[in-house]
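Side-chain atoms are counted along with the backbone in the values below, which use heavy atoms only and exclude waters and symmetry mates. Remember, it's 1-based here, ligands and their atoms both numbered in the order they're listed. All residue numbers refer to positions in the sequence shown, counting from 1.
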Amino acid sequence: MKVLLAVTGGIAAYKAVELISMMRKRKDEVKVLMTESAMKFVSPLTFSAVGNAEVYTDEFEYRGLISHTGLSSWAEIMVIAPATANTMAKIANGMADNVVVASALAFEGPKMLVPSMNVRMYENQVTQDNLRKLSNYGWTIVEPESGHLADGEVGKGRYPDNAKIIFEMENLITKKDMDGLNVLVTAGPTREAIDPVRYISNRSSGKMGYEIAEMAALRGAKVDLISGPVNMPTPFKVKKHDVESVREMAEKALDLLENADVIVMTAAVSDYKPEKPSDQKIKKIGDELNLKLIKTTDILLEISKRKRPDQFVVGFAAETQNLVENAKHKFESKSLDMIVANDVSRKDIGFESDYDEVFIISKASEPVHIERMTKREIANALLDMIVTQRSRKF
Ligand code: CTP
């Protein structure tokens with residue numbers, strides 16, 4: 001995203017430093033605007049160092065070094081975080097006496113406010129009237145949270161979680177081409193018990209499935225995410241169902257199948273499980289220990305047997321050799337609408353990595369090669385293809 005981040009003079013100004021740091025990690029491009037009073041809380045240098053960003057203050061404007069109209073046309077979205085009562089009052093009344101409010105007046109794209117202040121100031125009728133007015137003028141308002149405030153009082157006015165702010169920004173600028181669709185995603189590894197303390201699992205981080213779930217939700221879908229044990233936060237607006245074993249994953253998936261329009265199976269599901277998990281911890285007795293493994297349910301196969309013609313089923317193929325050939329075989333044997341093949345033997349992509357490089361196989365075309373890119377970008381490319389092919393199907 002290309003973001004114009006405006007910081008105004010509230011005690012929460014320091015939290016915008018974490019916001020810009022998070023955006024930098026996501027590779028967003030950010031330019032910062034600060035009011036005079038914001039600079040009393042945090043120095044412009046902090047933002048430029050932490051965010052590797054240009055920071056503009058009134059001084060630049062007065063010296064003619066920038067034009068707020070130029071900045072306004074550069075950005076995809078403008079966010080004021082934190083937004084003080086004073087700044088909101090100025091914008092609600094069309095004032096343009098500093099670089100932040102002047103830019104707000106000139107900005108025509110999606111705009112967001114993150115109000116943060118003392119509870120009584122927030123609840124004051126004037127502030128509430130201004131917020132209503134700003135909402136009518138097209139501003140998206142991220143509600144403050146309730147809790148302990150900087151001045152010792154308790155109430156509504158706290159600056160919200162920065163991850164939520166980023167989600168709301170993305171939500172605002174993402175096209176809603178999956179509106180009305182129910183999407184079911186499986187993600188992460190499964191765990192099959194050997195005894196009460198040991199299990200069979202795999203290296204799946206769940207990242208790809210989580211990115212698909214989050215992007216589908218941002219694109220307007222209602223998303224159910226069935227997840228094995230992973231170390232990742234639940235994406236906003238996604239309903240997560242935690243499972244461990246293949247049996248639990250299969251039950252949940254078949255349970256939710258009927259309502260799903262699109263099913264994306266990214267989970268790395270165990271193909272085998274111990275025949276008889278021990279009730280007690282297995283003791284170290286002999287030199288050898290033999291575990292008898294038996295087959296688990298192939299969830300994807302079960303789904304493809306039961307699916308209706310209006311449902312779109314996407315599988316993933318984790319391969320270490322003959323990538324496209326093996327994936328094509330799975331595509332046909334499980335009669336899928338699409339399969340995403342990735343090479344899990346490579347260290348620079350795949351399991352535990354933020355990156356992937358895949359081939360997407362479908363009936364609609366020859367295998368499509370998606371070059372190495374972030375899993376988030378791949379998730380979006382995949383959803384683009386699902387949306388287009390689904391619309392052709394009807
Ligand atoms: N899958 C599943 N249930 C299983 C095994 C796999 O639902 N018991 C799904 C995966 O989520 C994935 C696809 O099937 O979408 C292919 O998984 P993969 O492990 O690549 O292939 P397998 O079918 O298990 O075949 P093989 O292990 O022989 O490569």
If you look only at distance, which donor and acceptor atoms sit under 3.5 Å apart when one is on a side chain in residues 280-290 and the other is two or more places apart or in another chain?
none

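- A 6.0 Å sphere centred on OH of Tyr199 holds no more than 12 heavy atoms belonging to other residues, nucleotides or ligands.
- Environment of CZ in Arg203: sparse, with no more than 12 heavy atoms of neighbouring residues, nucleotides or ligands closer than 6.0 Å.
- Contacts of ligand 1 (protein heavy-atom distance under 4.0 Å) are Met265, Ala267, Val269, Ser270, Asp271, Thr296, Thr297, Asp298, Ile299, Leu300, Gly315, Phe316, Ala317, Ala318, Lys330, Lys334.
- For His329, there are no ring-ring contact (aromatic ring centres under 6.0 Å, His included) partners two or more places apart in sequence or in a different chain.
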Identify every side-chain donor-acceptor pair in residues 18-25 under 3.5 Å, counting partners at least two apart or on other chains, and give the distances.
| unit_1 | atom_1 | unit_2 | atom_2 | d |
| --- | --- | --- | --- | --- |
| Glu18 | OE1 | Asn162 | ND2 | 2.5 |
| Arg24 | NH1 | Ala49 | O | 3.3 |
| Arg24 | NH1 | Val50 | O | 3.1 |

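- Counting heavy atoms of neighbouring residues, nucleotides and ligands inside a 6.0 Å radius, atom CG of Asn93 exceeds 12 of them.
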